[in-house]
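What follows is one structure encoded as structure tokens, with my remarks underneath.
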There are 2 protein chains.
Amino acid sequence: MNEVKKESKQGKIRAQSEAKILEAAQEEFILQGYKGATVQSIADRAGLPKANILYYFKNKENIYHAVLEHTLDTWDKGIGDIDPDQGPKIAIEKFIASKVRMSFQHSSSSKIYAMEIIQGAQHLKEFARTYLRRWVREKAALFQHWIDNGEMVDVDPYKLIFLIWSTTQHYADFEIQVLTVMNRAEYEEEDQEQVTAFLTDIILRGCGLK
Amino acid sequence: MNEVKKESKQGKIRAQSEAKILEAAQEEFILQGYKGATVQSIADRAGLPKANILYYFKNKENIYHAVLEHTLDTWDKGIGDIDPDQGPKIAIEKFIASKVRMSFQHSSSSKIYAMEIIQGAQHLKEFARTYLRRWVREKAALFQHWIDNGEMVDVDPYKLIFLIWSTTQHYADFEIQVLTVMNRAEYEEEDQEQVTAFLTDIILRGCGLK
DNA sequence: TGGTAACTTGACTATAAGGTTAAAATATTT
DNA sequence: AAATATTTTAACCTTATAGTCAAGTTACCA
């Protein structure tokens, strides 16, 4: 239920302000961590006075929750559903492409998510225990089905999913390391394609699908 | 230059205290982030009074630097050198095994490192720009040599290194997610072996080495 | 054994940060 | 145009935390 206020000028101001605040907060939380990101620093980045921030979000934790919610939305949209009818090759291709796209287009969300998990998943335990676990179990069953059918090599489906997650997310979470090592300032258009092509190539071959 | 104080009782006390403090600090920095980890919380975890912590390390930032130094030490030891004479298959096998071992045995170091990079590598920029970049360039040249020799499939060596890093580190950094999704309390002895076997299998095949 | 250095610790201080309040400004509605 | 609701903002309050200090204790050494 996305509270859609009536389209008044004030409603627009609220929506704009909240969006500005959330974007600023996301960056601050990434760069400084939860405790290190101050309401003042978020305010400065958003270009608003501190008290204004606390008018829209009652307190700092609420801001963080809103950022996390946005993160899970992004995760959900970016996960890329696996269609069982297309067979393993197409399924894996689409899965990889979707996750790479998400890493390159929404790297901040990926970083927030990664930090949460590394720090003990304080706010995501429930998400992992329910939603995520079911998602992985379902997709793993699909892979297992293809393996039993001889359509792909016998590899542990769980570990295969982890492999695709980790390799794709790496380009978001470790963006700075990747760029530094390659002596580049930022990702270019073609990087996303090249990464997709590389991962698809090596993983498909790894699964005996090439 | 590891200041080896003469083996007095006090020297021993210093060494023991510093070790206790660093271990406690590492955990706190992971769980709470730099700003969120308080000197008091580190003291509590180490079982020492706060003022004592600040006697051994002048201030909080020094504690963090010491933790990071230990992290880079661990990274350095765990990276696993690649021997060019053995050919790509053995090289990749050893590389993967070494990184998986590091992830399972020193997951805290991996987490500290990951958080640093995600947060902008404030303290590791220099390390990445010099040491890491050279390391990757050298290893990439080796892989390229094998590719040119037709000893393995033509894949981008840089991306191959990133792939091995990301898949292996995933089991340390995302430990909680992996365990939660698999509905397990903690890693067992055999997990490390199974992960090593899985990754070796799929990556070697992905490189046309199986 | 007396003096010095290393260590321990409770009490204290300064400051930064989250959050409140109340009053002013702006927008909306009737 | 008056009344009401929303938004903006400065000033203030409270608490938590990094770091200091000084007085004590323990170990070392001549």
Side-chain angles (χ1 to χ4, degrees), chain A residues 2-68 119 122-123, chain B residues 2-68 119 122-123:
Chain A
N2 266 326
E3 314 175 14
V4 179
K5 290 283 162 61
K6 44 181 160 4
E7 269 289 311
S8 64
K9 188 162 176 185
Q10 295 201 337
K12 269 183 209 159
I13 286 171
R14 171 171 281 269
Q16 280 177 3
S17 293
E18 284 184 357
K20 258 196 297 186
I21 293 166
L22 287 181
E23 203 186 319
Q26 189 178 50
E27 281 314 298
E28 286 299 316
F29 284 134
I30 291 170
L31 291 170
Q32 314 291 342
Y34 176 76
K35 206 70 190 286
T38 67
V39 177
Q40 186 63 60
S41 71
I42 294 170
D44 291 347
R45 189 180 283 266
L48 295 167
K50 184 181 83 158
N52 198 324
I53 306 288
L54 291 164
Y55 168 72
Y56 283 109
F57 297 87
K58 241 186 282 307
N59 54 43
K60 185 171 155 181
E61 194 164 354
N62 280 7
I63 305 177
Y64 187 65
H65 282 151
V67 168
L68 260 195
Q119 300 204 335
Q122 291 301 317
H123 303 82
Chain B
N2 267 326
E3 314 176 15
V4 178
K5 290 281 163 61
K6 44 181 163 1
E7 269 291 310
S8 63
K9 190 162 176 184
Q10 296 200 335
K12 269 182 209 160
I13 287 173
R14 170 170 282 269
Q16 279 176 3
S17 293
E18 284 185 356
K20 258 197 296 187
I21 293 166
L22 286 181
E23 203 188 318
Q26 190 179 48
E27 281 314 298
E28 286 299 315
F29 284 135
I30 291 170
L31 291 170
Q32 313 292 340
Y34 177 75
K35 205 66 192 286
T38 67
V39 177
Q40 186 64 60
S41 71
I42 294 170
D44 291 347
R45 188 179 282 265
L48 294 168
K50 186 180 81 155
N52 198 324
I53 306 287
L54 291 164
Y55 168 73
Y56 282 109
F57 298 87
K58 240 186 284 309
N59 53 43
K60 185 171 154 182
E61 193 164 355
N62 280 6
I63 305 177
Y64 188 65
H65 281 151
V67 168
L68 260 194
Q119 300 204 334
Q122 292 301 316
H123 302 81

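Since this is a predicted model, take the numbers as computed values, not measurements. Letters A, B, ... mirror the listed sequences (proteins, then strands); counts begin at 1.
At whole-Å resolution of the value, CG in A:Asp44 and C1' in C:dA16 are 14 Å apart. Counting to the nearest Å, the P atom of D:dT20 and the CG atom of B:Asn59 are 8 Å from each other. Separating the CD1 atom of A:Ile21 from the C1' atom of D:dT8 is a distance of 12 Å, rounded to the nearest angstrom. One can place CD of A:Gln40 at 9 Å from P of C:dA17, the figure rounded to the nearest angstrom. Between the P atom of D:dA18 and the CD1 atom of B:Ile42 lies a distance of 8 Å, rounded to the nearest Å. If you measure from atom CG of B:Asn62 to atom C1' of D:dA18, you get 13 Å, rounded to the nearest angstrom. As rounded to whole Å, 15 Å separates atom C1' of C:dA6 from atom CG of B:Leu48. We find that CD of A:Gln32 is positioned 12 Å from P of C:dG18, with the value rounded to whole Å.
The base of D:dG19 is not paired with the side chain of B:Lys58 by any donor and acceptor separated by under 3.5 Å. Interface remark: the B:Lys50 side chain does form a donor-acceptor pair with the D:dA18 base, using a distance-only criterion of under 3.5 Å.
OP1 or OP2 of C:dA6 has not a single side-chain nitrogen or oxygen of B:Tyr56 nearer than 4.0 Å. OP1 or OP2 of C:dA17 lies within a sub-4.0 Å distance of a side-chain N or O belonging to B:Lys35. In this structure, B:Tyr55 does not reach the C:dT8 phosphate: none of its side-chain N or O atoms is under 4.0 Å from OP1 or OP2. Contact annotation: B:Arg14 does not reach the phosphate of C:dA6 (side-chain N/O to OP1 or OP2, under 4.0 Å). For the pair A:Asn52 and D:dT8, the criterion of a side-chain N or O lying under 4.0 Å from OP1 or OP2 is met.
At least one side-chain heavy atom of B:His123 sits under 4.5 Å from a side-chain heavy atom of B:Tyr64. Put simply, the side chain of B:Ile63 does not reach to within 4.5 Å of the side chain of B:Tyr56, judged on heavy atoms.
With C:dG19, C:dG18, C:dT9 as the choices, the nucleotide that has an atom nearest any side-chain atom of A:Leu54 turns out to be C:dG19. For A:Ala51, whose side chain is taken as the heavy atoms from C-beta onward, the closest listed nucleotide among C:dT20, D:dT20, C:dA17 is C:dT20.
In B:Gln40, the CD atom is crowded: over 12 heavy atoms of neighbouring residues, nucleotides or ligands sit closer than 6.0 Å.
Across all strands shown, A:Ala43 has no heavy atoms under 4.0 Å from either base or sugar-phosphate atoms.
Between B:Phe57 atom CZ and B:Ile42 atom CD1 the span is 9.5 Å, to the nearest 0.5 Å.
Under the 3.5 Å distance criterion, the side-chain polar atoms of B:Lys60 are matched with a main-chain donor or acceptor of B:Ala37.
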